[in-house]
Amino acid sequence: MKKDAKIYIAGHRGLVGSAILKNLQAKGYTNFVTRTHKELDLTDGAAVSTFFATEKPAYVFLAAAKVGGIVANNTYRADFIYDNLMIQNNVIHQSFVHGVKKMMFLGSTCIYPKNCPQPMKEDYLLTDTLEYTNEPYAIAKIAGIKMCESYNLQYGTNFISVMPTNLYGPNDNFDLEKSHVLPALIRKMHLGKALENNDWDTICKDLDRLPIEGVNGSAQKDVIYSVLDKYGIQKNGDAVHLEIWGTGKPMREFLWSEDMADACVFLMEKRDFKDCYDAGTKEIRNTHINIGTGEDISIKDLAQVIKETIGFKGELFFNSNKPDGTMKKLTDPSKLHGLGWKHAIDLEEGVERVYDWYLK
Ligand SMILES: NC(=O)C1=CN([C@@H]2O[C@H](COP(=O)(O)OP(=O)(O)OC[C@H]3O[C@@H](n4cnc5c(N)ncnc54)[C@H](OP(=O)(O)O)[C@@H]3O)[C@@H](O)[C@H]2O)C=CC1
Ligand SMILES: C[C@H]1O[C@H](OP(=O)(O)OP(=O)(O)OC[C@H]2O[C@@H](n3cnc4c(=O)[nH]c(N)nc43)[C@H](O)[C@@H]2O)[C@@H](O)[C@@H](O)C1=O
């Protein structure tokens with residue numbers, strides 16, 4: 001990529017898209033085109049076609065998607081499959097029509113089977129059935145990989161796909177019902193700590209409940225107690241109890257979003273679709289690449305790390321009425337490591353950084 005080449009980052013305000021933009025800027029790239037969801041709805045085929053015809057980007061990072069945690073995926077199943085298929089179909093197809101030099105499609109490690117051998121190699125795609133909670137999202141992501149691969153084979157395009165593990169960092173979604181586990185636990189424990197300190201100012205700021213002075217009245221406090229209760233944060237006497245969804249036993253692998261962005265830019269600069277050609281078998285194999293750390297942690301232990309970082313002293317309880325999802329999904333990142341890239345930020349440091357960001 002030349003430093004002045006026109007680069008479209010779809011989803012530039014999101015967790016990953018914002019980190020990709022920052023990474024490219026730091027590396028000296030200068031020519032960006034961006035649109036918010038409001039300015040360009042990527043599910044609208046005609047609007048996407050007009051956008052590509054007008055802007056003619058040379059490179060595209062497809063980091064826009066309908067994204068959410070386990071409950072959001074399981075609840076809004078139709079939205080997750082429809083929005084994601086439409087967004088990626090439109091962006092991939094228009095990238096072909098308008099001669100984009102290289103496009104990167106972002107998938108997810110939920111493309112791998114529910115009971116996949118661990119750690120998960122790229123080879124294990126489409127070898128067994130998927131985890132039910134995010135099956136619609138995963139099927140859209142698998143379609144994205146196969147769409148890139150098929151356009152490359154039929155039309156000679158250069159579209160590459162990456163499959164990131166669970167990500168976290170600045171500009172994440174902290175919605176307590178729809179977000180992923182790491183931002184959800186940061187926010188819940190931040191609120192839990194404020195509740196054990198009777199810090200109503202912090203609670204109100206966090207819940208966007210204004211005017212702040214009003215909460216000293218007991219009626220307002222009751223409202224706040226019921227909001228916190230809905231999110232699994234309760235006060236019994238002086239003790240605060242905080243709900244963790246599921247059994248706490250599932251294992252997850254977490255990657256700092258800025259490391260993820262660095263890996264994306266690294267691969268965009270270094271990797272082409274033709275690199276997937278296996279000279280031995282004369283086949284195109286594994287057209288996607290895992291992006292992960294190769295290390296995982298149980299949800300229970302993750303909760304402990306966040307608890308210690310934030311300084312929340314209350315008790316954690318596990319609600320097994322909420323889904324666990326897949327019990328383990330650890331990537332095998334050896335293909336990426338073999339190309340010369342490895343992550344830099346470990347989980348403890350990342351949790352500290354994202355909590356600092358959240359406080360600011
Ligand atoms: N977060 C994670 O843990 C993981 C994410 N991924 C994948 O990485 C990619 C980026 O995810 P992440 O950054 O977390 O997601 P975010 O939810 O943080 O950001 C998604 C972005 O997509 C944009 N967007 C959503 N729908 C539309 C639409 N219909 N039209 C235009 N823009 C739209 C949003 O725009 P706006 O800001 O304007 O609303 C937002 O900027 C996705 O493909 C996701 O599937 C994969 C594995 C894990
Ligand atoms: C990245 C990946 O993310 C999704 O899959 P997931 O990893 O299962 O998502 P998650 O982060 O929401 O949950 C991880 C684990 O954590 C537990 N858990 C505890 N307490 C909370 C909690 O408070 N919130 C959430 N969300 N989970 C919690 C939760 O029960 C589960 O066992 C995909 O749908 C799909 O989007 C995808 O690709």
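By convention here, the first residue in the shown sequence is residue 1. The figures that follow rest on heavy atoms only: side chains count, while hydrogens, waters and symmetry mates do not.
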A.B. asks: Determine whether a donor-acceptor pair (N or O, by modelled atom type, separation under 3.5 Å) exists between the side chain of Thr54 and the backbone of Thr50.
C.D. replies: yes
A.B. asks: With a cut-off of 6.0 Å (strictly less than), are more than 12 heavy atoms of other residues, nucleotides or ligands near NZ of Lys101?
C.D. replies: no
A.B. asks: Find out if a path of hydrophobic residues (ILVMFWY) with successive side-chain heavy-atom gaps under 4.5 Å connects Leu85 to Val67.
C.D. replies: no
A.B. asks: For the pair Asp272 and Asn158, evaluate side-chain hydrogen bond (donor to acceptor under 3.5 Å, both in side chains) and give the outcome as yes or no after the intermediate values.
C.D. replies: CA-CA 6 Å; Asp272 293 312; Asn158 191 8; 2.8 Å; yes
A.B. asks: Just jot down the side-chain hydrogen bond (donor to acceptor under 3.5 Å, both in side chains) partners of Tyr168, sequence neighbours excluded, or say none.
C.D. replies: none
A.B. asks: With no hydrogens and no angle check, do the side chains of Ser179 and Asn173 hold a donor and an acceptor under 3.5 Å apart?
C.D. replies: no
A.B. asks: Does Lys335 NZ have over 12 foreign heavy atoms under 6.0 Å away?
C.D. replies: yes
A.B. asks: Would you mind listing the cluster partners of Ile70? Hydrophobic ones only (ILVMFWY), side-chain contacts under 4.5 Å, chaining allowed.
C.D. replies: Val71, Trp245
A.B. asks: When you look at CZ of Phe266, are more than 12 heavy atoms from neighbouring residues, nucleotides or ligands closer to it than 6.0 Å?
C.D. replies: yes
A.B. asks: Are a donor atom and an acceptor atom from the side chains of Trp357 and Asn171 found within less than 3.5 Å of each other?
C.D. replies: no
A.B. asks: Would you say Lys2 has more than 12 foreign heavy atoms packed within less than 6.0 Å of its NZ?
C.D. replies: no
A.B. asks: Distance to the ring centre below 6.0 angstrom and angle to the axis at most 45 degrees; does that hold for Lys3 and Tyr29?
C.D. replies: yes
A.B. asks: Between the main-chain N or O of Asn84 and the side-chain N or O of Lys141, is there a donor-acceptor pair closer than 3.5 Å?
C.D. replies: no
A.B. asks: Heavy atoms, side chains only, cut-off 4.5 Å: are Phe254 and Leu302 in contact?
C.D. replies: yes
A.B. asks: Short question: side chain of Glu253, backbone of Thr293 - any donor-acceptor pair under 3.5 Å?
C.D. replies: yes
A.B. asks: Please name the residue in the list Leu185, Val181, Asn319 that meets the side chain to side chain contact (heavy atoms under 4.5 Å, CB included) test with Ile244.
C.D. replies: Leu185
A.B. asks: Take a 6.0 Å sphere around NZ of Lys178 and say whether it holds more than 12 heavy atoms from other residues, nucleotides or ligands.
C.D. replies: no
A.B. asks: Applying side-chain hydrogen bond (donor to acceptor under 3.5 Å, both in side chains) to Thr157 and Asn152, what does each step give before you reach the verdict?
C.D. replies: CA-CA 4 Å; Thr157 49; Asn152 291 339; 2.7 Å; yes
A.B. asks: Would Asp324 and Thr247 satisfy side-chain hydrogen bond (donor to acceptor under 3.5 Å, both in side chains), going step by step from the backbone distance to the final call?
C.D. replies: CA-CA 7 Å; Asp324 269 338; Thr247 59; 2.8 Å; yes
A.B. asks: Parallel, tilted or perpendicular, judged at 30° and 60°: which one describes the rings of Phe96 and Tyr155?
C.D. replies: parallel
A.B. asks: Indicate whether any N or O donor in one side chain lies under 3.5 Å from an N or O acceptor in the other, for Thr133 and Glu131.
C.D. replies: yes
A.B. asks: Determine, step by step, whether Lys193 and Asn197 satisfy the side-chain hydrogen bond (donor to acceptor under 3.5 Å, both in side chains) criterion, reporting the C-alpha distance in whole Å, the side-chain angles of both residues, the deciding distance to 0.1 Å, and the verdict.
C.D. replies: CA-CA 6 Å; Lys193 178 182 168 186; Asn197 294 336; over 6 Å; no
A.B. asks: Among residues two or more places apart or on two chains, list those pairs meeting salt bridge (charged side-chain N to carboxylate O under 4.0 Å, His left out) that have a residue in residues 77-89.
C.D. replies: none
A.B. asks: Is Ile291 linked to Ile145 within one hydrophobic cluster, defined over Ile, Leu, Val, Met, Phe, Trp and Tyr using a side-chain heavy-atom separation of less than 4.5 Å?
C.D. replies: no
A.B. asks: Does a side-chain heavy-atom distance below 4.5 Å link Phe32 with Tyr8?
C.D. replies: no
A.B. asks: Through direct or indirect side-chain contacts below 4.5 angstrom among Ile, Leu, Val, Met, Phe, Trp and Tyr, which residues connect to Met251?
C.D. replies: none
A.B. asks: Between the side chain of Asn31 and the main-chain N/O of Asp4, is any donor-acceptor distance below 3.5 Å?
C.D. replies: yes
A.B. asks: Output every pair passing salt bridge (charged side-chain N to carboxylate O under 4.0 Å, His left out) with a member in residues 182-191, not counting sequence neighbours, ordered by first then second residue.
C.D. replies: Arg187-Asp206
A.B. asks: Applying the side chain to side chain contact (heavy atoms under 4.5 Å, CB included) criterion to Lys102, which one of Arg271, Met268, Met1 satisfies it?
C.D. replies: Met268
A.B. asks: Compute the centroid of each ring, for Tyr355 and then for His190, and state whether the two points are separated by less than 6.0 Å.
C.D. replies: yes
A.B. asks: I'd like to know if Ile224 and Phe174 are part of one continuous hydrophobic network [Ile/Leu/Val/Met/Phe/Trp/Tyr, side-chain heavy atoms within less than 4.5 Å].
C.D. replies: yes
A.B. asks: I'd like to know if the side chain of Asn90 reaches the main chain of Leu42, judged simply by a donor and an acceptor atom lying under 3.5 Å from each other, with no hydrogens or angles considered.
C.D. replies: yes
A.B. asks: Output all residues satisfying side-chain hydrogen bond (donor to acceptor under 3.5 Å, both in side chains) with Asp44, sequence neighbours left out; order by chain, then residue number.
C.D. replies: none
A.B. asks: Are there over 12 heavy-atom neighbours, none belonging to Asp238, within less than 6.0 Å of that residue's CG?
C.D. replies: no
A.B. asks: Is it the case that one hydrophobic cluster holds both Leu336 and Ile20, taking links as side-chain heavy atoms less than 4.5 Å apart, direct or via other members?
C.D. replies: yes
A.B. asks: Tell me if a side-chain donor or acceptor on Lys56 pairs with a main-chain N or O of Ala53 at a distance below 3.5 Å.
C.D. replies: yes
A.B. asks: Can you tell me how the ring of Phe52 sits relative to the ring of His98, calling it parallel under 30°, perpendicular over 60° and tilted otherwise?
C.D. replies: parallel
A.B. asks: Answer yes if the side chains of Tyr137 and Asn74 hold a donor-acceptor pair under 3.5 Å, and no otherwise.
C.D. replies: no
A.B. asks: May I ask you to check whether Glu149 and Thr287 show a side-chain donor-acceptor distance below 3.5 Å?
C.D. replies: yes
A.B. asks: Taking atom NZ as the centre, does Lys270 end up with more than 12 heavy-atom neighbours from other residues, nucleotides or ligands that are less than 6.0 angstrom away?
C.D. replies: yes
A.B. asks: For residues Val33 and Val16: do they belong to one hydrophobic cluster (side chain heavy atoms under 4.5 Å, members Ile, Leu, Val, Met, Phe, Trp, Tyr)?
C.D. replies: no
A.B. asks: More than 12 foreign heavy atoms under 6.0 Å from CZ of Phe318: is that the case here?
C.D. replies: yes
